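In what follows, a structure is listed as structure tokens, so that the remarks can point back to it.
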Number of protein chains: 2
Amino acid sequence: MDGQLPDADVDALAFDVFTRRCPSRPTLEHVTGRWGSLTLGALAEGRLRFNELRRRVDGVSEKMLSQTLQALERDGLVHREAQPVNPPRVDYELTPLGQEVAARLIALIELVEGRMPEVLTARERYDAVRGAR
Amino acid sequence: MDGQLPDADVDALAFDVFTRRCPSRPTLEHVTGRWGSLTLGALAEGRLRFNELRRRVDGVSEKMLSQTLQALERDGLVHREAQPVNPPRVDYELTPLGQEVAARLIALIELVEGRMPEVLTARERYDAVRGAR
DNA sequence: CGGGATCCGAGACGATACTG
DNA sequence: CAGTATCGTCTCGGATCCCG
């Protein structure tokens with residue numbers, strides 16, 4: 001191998017995400033999106049209520065959290081369980097499929113987090129060269 | 001294991017992506033973003049030129065591809081190599097770090113692609129219940 | 001508490017034209 | 001070929017108010 005990924009992985013990459021009108025793109029965007037990734041990451045720790053989730057994912061607005069959860073629920077990654085009590089109580093948790101997705105996502109997030117020092121120095125070098133802009 | 005992820009993974013999740021002003025969020029967004037993920041996926045196959053990349057990632061505009069590549073290069077995930085010839089020739093390839101990131105990303109993409117049937121049926125069920133809206 | 005409805009600004013994005 | 005510049009659109013996303 002010459003520094004690229006093994007052929008097995010590359011061949012398996014011949015899916016259609018690269019194609020415009022492909023059903024997997026929207027789902028992938030829900031998963032990897034700004035709030036989708038953080039929401040899945042938070043739910044990987046266990047079942048959470050709406051406002052618990054809201055506190056965990058710092059910076060998310062009610063609207064976006066609600067929107068994100070609906071998209072993930074629709075895709076079958078998150079299960080929503082509303083109890084008809086007062087005050088209302090709604091729990092969110094990952095489905096089995098959601099757990100698999102979250103696991104891969106977390107692997108990615110952990111890698112990026114762990115390598116941030118490298119990223120930061122790379123940025124400095126880049127900015128130093130192209131100081132003008 | 002009670003259906004959630006192992007404690008080891010969960011504990012490791014105590015990073016700061018969940019925090020608003022954290023340097024890793026932007027990078028994560030570059031990686032997982034709409035065009036970032038597809039660009040890294042395409043480059044995982046090997047070194048590509050600008051327009052090759054543009055053809056591979058269906059639907060991306062010149063502007064967005066250029067922008068995406070600059071962000072990824074700045075983060076140290078992509079290496080840009082310009083040859084001062086005429087006509088101009090510029091090759092893009094993953095850095096070692098970029099390859100690691102791409103590998104995790106591809107694992108995620110493949111999982112989502114492979115489970116699309118489940119996602120699709122989940123959607124139908126969801127839409128059937130909430131037909132009204 | 002768990003949302004939905006609405007308004008509004010900022011930035012993402014695409015199409016086109018232009019340059020080296 | 002490999003971009004940059006400009007412009008118009010359109011969606012994202014936050015703030016606010018409201019309801020069960």
Side-chain angles (χ1 to χ4, degrees), chain A residues 19-21 25-39 42-43 47-74 78-93 126 129-130 132-133, chain B residues 18-21 25-39 42-43 47-74 78-93 126 129-133:
Chain A
T19 311
R20 246 186 274 246
R21 282 295 166 193
R25 270 205 193 177
T27 299
L28 190 64
E29 283 167 24
H30 297 155
V31 171
T32 62
R34 190 172 177 189
W35 302 121
S37 57
L38 296 175
T39 301
L43 284 177
R47 154 183 305 213
L48 287 173
R49 299 178 60 177
F50 188 84
N51 277 333
E52 288 174 342
L53 212 39
R54 187 155 147 54
R55 261 171 266 122
R56 183 81 179 95
V57 181
D58 189 32
V60 69
S61 66
E62 293 178 9
K63 178 186 170 182
M64 291 317 296
L65 181 57
S66 172
Q67 216 171 86
T68 301
L69 286 169
Q70 282 176 29
L72 294 176
E73 188 196 355
R74 195 170 102 100
V78 163
H79 174 65
R80 177 180 187 274
E81 191 168 346
Q83 298 172 34
V85 298
N86 199 301
R89 176 186 179 98
V90 181
D91 290 291
Y92 291 91
E93 62 185 336
Y126 184 93
V129 175
R130 327 209 156 174
R133 178 156 298 276
Chain B
F18 291 106
T19 311
R20 247 186 274 247
R21 282 295 167 192
R25 271 206 192 176
T27 299
L28 189 64
E29 283 167 24
H30 297 155
V31 170
T32 62
R34 190 174 176 188
W35 302 122
S37 56
L38 296 175
T39 301
L43 283 177
R47 154 183 304 215
L48 288 174
R49 300 177 60 176
F50 188 85
N51 277 333
E52 287 173 342
L53 212 39
R54 185 154 149 54
R55 262 170 266 122
R56 182 82 179 98
V57 181
D58 189 32
V60 69
S61 65
E62 291 179 10
K63 178 185 169 183
M64 291 316 297
L65 181 57
S66 172
Q67 217 170 87
T68 301
L69 286 169
Q70 282 176 28
L72 294 177
E73 188 196 355
R74 194 169 103 99
V78 164
H79 174 66
R80 177 180 187 274
E81 191 168 347
Q83 298 171 36
V85 298
N86 198 300
R89 176 186 180 98
V90 181
D91 290 291
Y92 292 91
E93 63 185 338
Y126 184 93
V129 175
R130 323 209 157 178
R133 174 155 300 277

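Each chain gets a letter, A, B and so on, in the order the sequences are listed, and its residues count up from 1. This structure is a prediction, so every number in the text was calculated from the model and none was measured.
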Residues at least two apart in sequence or cross-chain that pass side chain to side chain contact (heavy atoms under 4.5 Å, CB included) with A:R80, listed by chain then number, are A:E73, A:A82, A:V90, A:Y92, B:R130
Closest to the side chain of B:F50, out of D:dT6, C:dG3, D:dG3, is D:dG3
Applying side chain to side chain contact (heavy atoms under 4.5 Å, CB included) to A:D91 and not counting sequence neighbours gives A:R47, A:R49, A:Q83, A:R89
Residue set satisfying side-chain hydrogen bond (donor to acceptor under 3.5 Å, both in side chains) with A:R74, at least two apart, ordered chain then number -> B:D127
Atom CD of B:Q67 and atom P of C:dG14 are separated, to the nearest Å, by 10 Å
Closest of D:dA2, D:dT4, C:dG3 to the A:R80 side chain is C:dG3
Whole-Å distance, B:D91 CG to D:dG3 C1', equals 15 Å
Within residues 29-39 of chain B, those residues having any heavy atom closer than 4.0 Å to DNA chain C are B:R34, B:W35
- Contact class for A:R54 (heavy atom, under 4.0 Å): base, sugar-phosphate, or nothing? nothing
Practice task
Kindly determine whether A:W35 and A:L65 satisfy side chain to side chain contact (heavy atoms under 4.5 Å, CB included), including the steps that lead there.
Solution key: CA-CA 7 Å; A:W35 302 121; A:L65 181 57; over 6 Å; no
Of the listed D:dG13, D:dC1, D:dG3, the closest approach to the B:V90 side chain comes from D:dG3
Looking only at C:dC1, C:dA15, D:dG14, the nucleotide nearest the A:K63 side chain is D:dG14
Note: for B:R55 and B:S66 on DNA chain D, the residue whose nearest nucleotide lies more 5' is B:R55
Rounded to whole Å, the CE-P distance (B:M64 to C:dA15) equals 12 Å
field: Side-chain N or O of B:R49 closer than 4.0 Å to phosphate OP1/OP2 of D:dC1
entry: no
When rounded to whole Å, the CG to C1' distance for the pair B:N86 and D:dC1 reads 9 Å
Dump the pairs, protein N or O against N or O of nucleotides 17-20 of chain D, anything under 3.5 Å, distances to one decimal.
none

Per-helix bend value, the helix from C:dC1-D:dG20 to C:dG20-D:dC1, C1' rotation axes over five pairs per end, 10° rounding, shows 50°
